[in-house]
Structure formats: structure tokens, C-alpha cells
2 protein chains.
Amino acid sequence: MPLPQTEMPGRLQAHFADRGIRMTQQRRAILRVMETTTKHLDAAQLLRKAQRLDASVDRSTVYRTLKLLKRHGLIDELDLMHIHGEGHYYERKLNRDHIHMACLRCGKIMEFVSDIFEKLKGQVEKDCRFRIVVSRLEIGGYCAACRGAE
Amino acid sequence: MPLPQTEMPGRLQAHFADRGIRMTQQRRAILRVMETTTKHLDAAQLLRKAQRLDASVDRSTVYRTLKLLKRHGLIDELDLMHIHGEGHYYERKLNRDHIHMACLRCGKIMEFVSDIFEKLKGQVEKDCRFRIVVSRLEIGGYCAACRGAE
DNA sequence: GTCTTAGATGCGACTCATTTGCAACTGGAA
DNA sequence: TTCCAGTTGCAAATGAGTCGCATCTAAGAC
Ligand SMILES: [Mn+2]
Ligand SMILES: [Mn+2]
Ligand SMILES: [Zn+2]
Ligand SMILES: [Zn+2]
């Protein structure tokens with residue numbers, strides 16, 4: 001089951017335009033980082049990368065924009081087992097949901113797309129009569145390379 | 001699929017005894033709270049409840065004990081979609097894993113046990129050759145009562 | 001029982017993540 | 001152009017969780 005590919009770039013900015021959400025210099029920088037990065041970024045990393053595109057971007061703007069993106073269902077917030085500190089990680093929400101696995105030994109983060117996961121969500125919606133808006137499956141354990149060594 | 005029942009009380013204390021982990025007044029109070037509560041508690045709630053059993057319990061001891069319980073795989077840490085603030089919630093790990101659903105409108109927390117979830121974890125272990133230690137599926141959305149009303 | 005000490009505790013100060021109030025700035029509609 | 005609601009930077013505040021250290025205590029050895 002392969003990794004989901006990045007959607008076409010500019011998608012986040014397009015969403016903002018469609019809904020008449022104001023586009024600013026700073027938001028453009030932040031959205032561009034979220035659109036082009038392949039990794040899971042925390043707020044501090046996102047700030048640093050965005051500042052490379054627009055040096056004026058402030059920490060509080062990053063947090064305010066993350067909140068906005070969350071409210072619009074455009075990004076997912078992850079803990080990744082809090083492998084480094086107490087903060088959160090962010091990633092664009094793609095067409096297809098995926099699972100996150102974090103290796104407790106080497107810290108590697110893996111992603112996995114599964115039909116069974118989709119079926120499970122369907123079961124929750126049906127059996128619990130629960131309308132799912134966001135779902136997060138995070139697994140901690142030992143990756144193939146680290147199994148054996150504790 | 002019914003809710004998992006609470007295991008026999010005293011189980012956490014027994015685990016400590018078995019492994020030769022020192023039992024203190026304060027730990028006894030904290031473990032008793034974790035063993036008997038039916039709700040998902042955050043650190044502050046756990047502190048207040050533990051202090052009712054032993055007034056000397058300090059906040060830092062609560063955090064230290066939570067860390068210990070986590071390290072031994074005896075409790076799970078949850079975000080519950082951060083419905084109230086940025087902190088974590090804790091619950092005893094029971095025989096059977098379960099999913100958490102949080103209603104984004106009324107704040108209700110629901111639990112759900114599913115064979116499909118077990119199958120999904122099996123798939124991850126097999127297909128990704130990943131040895132699962134801890135898994136957390138948290139879902140945000142609208143409960144049956146709140147659907148319709150946005 | 002008493003001694004002993006590794007390990008646990010309370011306390012206060014600290015770090016780190018995230019939020020907020022406010023005055024100044026700006027996107028974009030008219 | 002003008003205009004103003006929405007957005008920003010800044011600095012200060014909050015909140016969750018951690019840590020150093022002097023003191024205390026559980027529990028094994030005698
Ligand atoms: Mn968390
Ligand atoms: Mn991901
Ligand atoms: Zn690994
Ligand atoms: Zn509800």
C-alpha cells in the first residue's frame with residue numbers, strides 16, 4: 001500500500017480564494033510551506049521555513065494560521081507519540097487518510113494507507129451513528145530495523 | 001459491541017508489587033484513583049482526586065507517577081481532540097483496546113470496541129513489520145444527538 | 001525492632017508550547 | 001483612492017509539564 005502523493009500545489013491558497021478568506025503575504029508564505037513540505041512540521045519548524053519566504057512572519061501568525069487551517073479541515077494535527085517534546089505536528093490533509101507509526105527507538109515516522117482503516121471508519125459512522133470529521137490513528141512501537149534490538 | 005468493563009481493582013498496585021516497584025502513600029492514592037475512576041482524567045483532575053485520599057500528594061508526583069505508569073504500559077494517554085485546552089487525558093489500559101470519539105458540539109466522549117480495529121493493527125504488524133506497543137485512534141465529529149444541529 | 005540507603009517526595013523555580021491584548025497595518029471591495 | 005474589517009507583530013500572559021535539591025521514607029539487611 002503506497003504512500004499518498006502530494007496534491008497539486010496551490011490547493012490551499014485556492015481554497016482560501018474560493019471561500020473569500022483574505023490572503024496576506026504572511027499566509028501565502030505559511031501555506032506555501034505546508035503545501036510543499038514532505039515532512040511533518042511542528043510550529044517552530046513551520047515558522048523558520050515560512051520566515052525564509054517572508055522574514056516578517058511572526059510566531060503568533062503561524063499559530064493563528066494553523067488554527068484557521070484546522071478550522072477549515074485543511075490540515076491534521078498529530079502527536080507522533082510526543083517523541084520530541086510536548087508539541088504538535090501538522091500535515092496537509094490529503095484525499096486519502098493515513099495512519100502514523102512512530103518508532104520508539106529510532107524515532108522514524110512511517111505512514112500507511114489501509115482499506116481496513118476506511119472500513120473501520122465506516123463501521124463507526126454506521127454502528128455509532130457518529131458523523132466523522134477528523135480521525136487520527138497513531139501507533140507507537142518498533143520498526144522493522146529496530147525490532148530485536150529491544 | 002459493548003464497552004470494555006473495568007478490570008479487577010488493585011491490579012495496578014499488584015503490578016507494582018510484582019516488579020518490585022516501591023509503593024508509597026502517594027502512589028497508593030494516585031493508583032487507587034486511576035483504578036476506580038470511570039472517566040478520562042487529566043493531570044489536574046487526577047491530582048484533586050488523589051489529594052482527597054492523601055492530602056500530601058503534589059502535582060509533580062502526579063506527573064512522575066503518570067510517566068511511570070506510561071513507561072510500564074499500564075495507562076494510555078489521550079488528546080480527546082483537545083476539546084478542553086492542550087492537556088492530556090489518562091485511562092487505565094484494559095484487556096481490550098478501544099477507540100475514542102469526541103463530539104465537537106456537545107463534548108461527549110464515546111468509546112467503541114471493534115474487531116476491525118484489531119484486524120487493522122494485525123495488518124500494520126504484518127504488512128509494515130512493525131511491532132505495536134501502543135495505539136491510539138481518536139475521532140472527532142458529531143454524535144447521534146448532535147447531528148443535524150450543524 | 002533498628003539501621004541503612006536507594007529511591008521517592010514537596011516545593012519552587014523553570015522550560016516550552018500556545019494564546020492574548022492592543023496599537024498599527026493592509027487586502028481588496030467599492 | 002478611500003476605507004475599514006480583518007490581520008499582523010510585539011510583548012506579556014497563560015498553562016502544561018519538568019527539574020534541582022534538600023528532605024523523607026519504604027523496605028531489605030541485620
Ligand atoms: Mn498530545
Ligand atoms: Mn502523515
Ligand atoms: Zn526504529
Ligand atoms: Zn454531541
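Just so it is clear: chains get the letters A, B, ... in the order the sequence lines come, proteins before strands, and each one is counted from 1.
Spacing between atom CG of B/L80 and atom P of D/dA16 amounts to 15 Å, rounded to whole angstrom units. B/L66 places its CG atom 12 Å from the P atom of C/dT9, with the value rounded to the nearest Å. For the pair A/D58 CG and C/dT18 P, the interatomic distance rounds to 15 Å; values are reported in whole Å. Between the NE2 atom of B/H82 and the P atom of D/dT14 there is a distance of 21 Å, given to the nearest Å. Residue B/R27 contributes atom CZ, which lies 11 Å from atom P of D/dA26 at whole-angstrom precision. At whole-Å resolution of the value, CZ in A/R64 and P in D/dA11 are 14 Å apart. The distance from atom CZ of B/R71 to atom C1' of D/dT18 is 14 Å, rounded to the nearest whole Å. The CD-C1' distance, from A/Q26 to D/dG9, rounds to 9 Å in whole Å.
Residue A/A43 places its side chain closer to C/dT18 than to any other of C/dG12, D/dG17, C/dT18. Counting only heavy atoms from C-beta on, B/E86 has its side chain closest to C/dT19 among C/dG28, C/dT19, C/dA8. Comparing D/dC19, C/dA8, D/dG17 against the side chain of B/R59 picks out D/dG17 as the nearest.
Mapping A/R22 and B/T61 onto DNA chain C via the closest heavy atom, the residue that lands nearer the 5' end is B/T61. Where B/M23 and B/G87 meet DNA chain D, the nucleotide closest to each residue was compared, and B/G87 sits on the side nearer the 5' end. Summary of the strand contacts: B/Y63 and B/I21 both lie near DNA chain D, and taking for each the nucleotide with the nearest heavy atom, the more 5' one is attributed to B/Y63.
Between A/S60 and D/dC10 there is no side-chain polar atom (N or O) within less than 4.0 angstrom of OP1 or OP2. Using a 4.0 Å cut-off, some side-chain N or O of B/H88 falls inside it from OP1 or OP2 of D/dG17. In this model, the phosphate group of C/dT18 is not approached by any side-chain N or O of A/K67 to a distance below 4.0 Å at OP1 or OP2.
Remark: the backbone N or O of B/I132 is paired with a side-chain donor or acceptor of B/E125 at under 3.5 angstrom. Remark: the backbone N or O of B/R96 is not paired with any side-chain donor or acceptor of B/E118 at under 3.5 angstrom.
Side chains of B/H82 and B/H84: no donor on one and acceptor on the other come within 3.5 Å. Defined by atom type and a distance below 3.5 Å, a donor-acceptor pair is present between the side-chain atoms of A/R64 and A/S60.
Across all strands shown, B/T24 has heavy atoms under 4.0 Å from sugar-phosphate atoms exclusively, and none from any base.
For B/E35 and B/R11, the salt-bridge test fails: no basic side-chain N is under 4.0 Å from an acidic carboxylate O.
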